[in-house]
Amino acid sequence: MEAPLYSHLQPDPWTPPACWVGPRHLAGDDGRPYDAVVDALAGLGWTSLTIVRGRHEPDEAEKDRQVLRSTVLHISPDGLRWAQWCLADEPFHLGELPIAWQISARDQANSHACWSAYFTRDVPGEAVADFLLALDAHDQPTVPLAGAEDVLDAVAAQGWLRDIDQPQAAAMDPTGASHISLGEVPPLIQDGDPRVLVTEADEVGPAGWQAWSEPVLGAPYLWVASFAAGVPHDLVAAFAASLSSTAPVLRRVLPEATQERLLRAPAT
């Protein structure tokens with residue numbers, strides 16, 4: 001018997017009508033954390049690798065064997081960048097939310113990952129897709145083409161406000177619900193910088209970009225994104241520009257935590 005993969009993501013028999021909503025950073029992933037990103041990869045020529053997982057109990061009839069099919073890895077044609085779907089593989093957590101996607105890059109086809117970026121569920125699929133499009137277009141995905149200021153300029157252009165205490169390192173949307181900040185990278189974030197491996201407990205390691213949405217202060221996060229210190233600033237800027245975009249997005253499923261804060265218009 002083949003069990004449905006991502007059964008927790010299956011749509012309800014009754015599909016709600018689509019509507020245009022904003023702001024994007026509070027709109028969630030439409031209940032499509034996998035499909036929204038794969039749709040973007042489909043036109044890039046990346047290779048998909050599928051593994052088959054199964055479970056067979058002793059004395060169990062073959063027809064009752066449970067098989068899960070999971071597309072877990074998408075690799076660029078040059079082998080320098082890849083995106084791994086993590087929810088199928090017991091991911092670790094950021095902000096107590098499970099990682100949905102881990103995106104990585106390296107400078108040579110036979111080397112290890114030089115950096116990784118992580119996105120939990122409910123990060124708007126448009127922002128993850130735009131990050132991947134920028135990564136795919138980057139000739140040298142481990143070499144920065146811009147400075148940290150470009151990230152803050154990207155969100156400031158959409159009306160986000162620089163942090164009063166850290167104007168060169170942090171910004172938030174006008175309602176204070178979503179943030180982006182350059183600072184210490186959380187544990188387990190993979191980076192090719194060897195300083196990460198030798199940082200003492202009382203030392204601050206290399207700084208990377210972190211973004212998150214906390215619609216209600218002290219309540220659970222809606223989503224979290226984390227970028228290792230080695231992620232080029234121009235790629236983070238592409239994500240930030242998409243995340244903060246004022247253009248409405250099409251949604252059928254809205255996050256419960258932000259339904260009352262979203263502007264909506266019927267999709268006709």
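Quick caveat, the model's predicted, so the values are computed rather than measured.
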For residues L44 and V37: do they belong to one hydrophobic cluster (side chain heavy atoms under 4.5 Å, members Ile, Leu, Val, Met, Phe, Trp, Tyr)? yes
Between P232 and L145, is any pair of side-chain heavy atoms under 4.5 Å apart? no
Got a second to check how far T175's OG1 is from L26's CG, nearest 0.5 Å? 6.0 Å
Nearest heavy-atom neighbours spanning I103 and A83: CG1-CB, 4.0 Å
For the residue pair P174 and W160, establish whether any side-chain heavy-atom pair is separated by less than 4.5 Å. yes
Decide whether V155 and M172 are clustered together by the hydrophobic rule: side chain heavy atoms of Ile, Leu, Val, Met, Phe, Trp, Tyr closer than 4.5 Å, transitively. no
State, with a plain yes or no, whether a side-chain heavy atom of L243 is found less than 4.5 Å away from one of P124. yes
Can you check whether H138 reaches L235 side chain to side chain, under 4.5 Å on heavy atoms? yes
T120 side, atom OG1; I99 side, atom CD1 - distance, nearest 0.5 Å: 6.5 Å
Using the rule given for side-chain contact (heavy atoms from CB on, under 4.5 Å), can you reason through S226 versus W212, listing the C-alpha separation, both sets of side-chain angles and the distance that settles it, and then say yes or no? CA-CA 9 Å; S226 183; W212 67 95; over 6 Å; no
May I have all residue pairs that pass side-chain hydrogen bond (donor to acceptor under 3.5 Å, both in side chains) and include part of residues 249-258, sequence neighbours excluded? E126-R251
The reported gap from CZ in R24 to OG in S244 (rounded to nearest 0.5 angstrom) is 8.5 Å
Is the number of heavy atoms from other residues, nucleotides or ligands under 6.0 Å of D78 CG greater than 12? yes
Would T142 and D107 count as a side chain to side chain donor-acceptor pair (under 3.5 Å) here? Give the steps. CA-CA 6 Å; T142 63; D107 53 8; 4.7 Å; no
Could you tell me whether the side chain of S245 and the main chain of A247 form a donor-acceptor pair under 3.5 Å? yes
Indicate if L263 and V21 have the same hydrophobic cluster label, given that clusters are the connected sets of ILVMFWY residues with side-chain heavy-atom separations under 4.5 angstrom. no
Give me the atom names and distance for the closest heavy-atom approach of D139 to P141. O-CD, 3.6 Å
Which pair of non-hydrogen atoms, one from P255 and one from D122, has the smallest distance, and what is that distance? CG-OD1, 4.3 Å
Which residues share a side-chain hydrogen bond (donor to acceptor under 3.5 Å, both in side chains) with E149, sequence neighbours left out: R162
So which heavy atom on S116 is nearest to which on S104, and how close? OG-OG, 2.7 Å
Between CD on residue Q210 and NE2 on residue H179, distance to nearest 0.5 Å: 13.5 Å
Would you say F131 ends up clustered with L87 if hydrophobic residues are merged whenever their side chains have heavy atoms under 4.5 Å apart, either directly or through other cluster members? yes
So, taking the atom named SG in C114 and the one named CZ in R81, what distance separates them when rounded to the nearest 0.5 Å? 11.5 Å
I180 side chain reached by V151 side chain, heavy atoms, under 4.5 Å: yes
Do you know which of W85, W82, F119 makes ring-ring contact (aromatic ring centres under 6.0 Å, His included) with W101? W85
Between D163 (side chain only) and D165 (backbone N and O only), is there a donor and an acceptor less than 3.5 Å apart? yes
Cluster question for you: counting only ILVMFWY and a side-chain heavy-atom cut-off of under 4.5 Å, with indirect links fine, are L133 and W115 together? yes
Going by heavy atoms in the side chains, are V123 and F239 under 4.5 Å from each other? yes
Taking S111 for the side chain and Q108 for the main chain, is one N or O donor matched with an acceptor at less than 3.5 Å? yes
Could you check if a side-chain atom of I75 sits within less than 4.5 angstrom of a side-chain atom of W46, using non-hydrogen atoms only? no
side-chain contact (heavy atoms from CB on, under 4.5 Å) between L262 and Q259: does it pass, once the steps are laid out? CA-CA 6 Å; L262 292 169; Q259 287 188 21; 5.6 Å; no
Of all the heavy-atom pairs spanning W223 and L97, show the shortest one and how long it is. CA-CD1, 3.7 Å
List in chain and number order the residues that pass side-chain hydrogen bond (donor to acceptor under 3.5 Å, both in side chains) with S178, two or more places apart in sequence or in another chain; answer none if no residue qualifies. H25, S213
If you apply the rule ring-ring contact (aromatic ring centres under 6.0 Å, His included), what do you find for Y118 with F227, and how did you get there? CA-CA 6 Å; Y118 304 80; F227 303 86; 9.2 Å; no
When rounded to the nearest 0.5 angstrom, what distance separates SG in C19 from CZ in R264? 6.0 Å
Side-chain heavy-atom pair E214, L222 within 4.5 angstrom cut-off: no
Quick check: closest heavy atoms across A146 and D234, and the distance to 0.1 Å? N-OD1, 3.7 Å
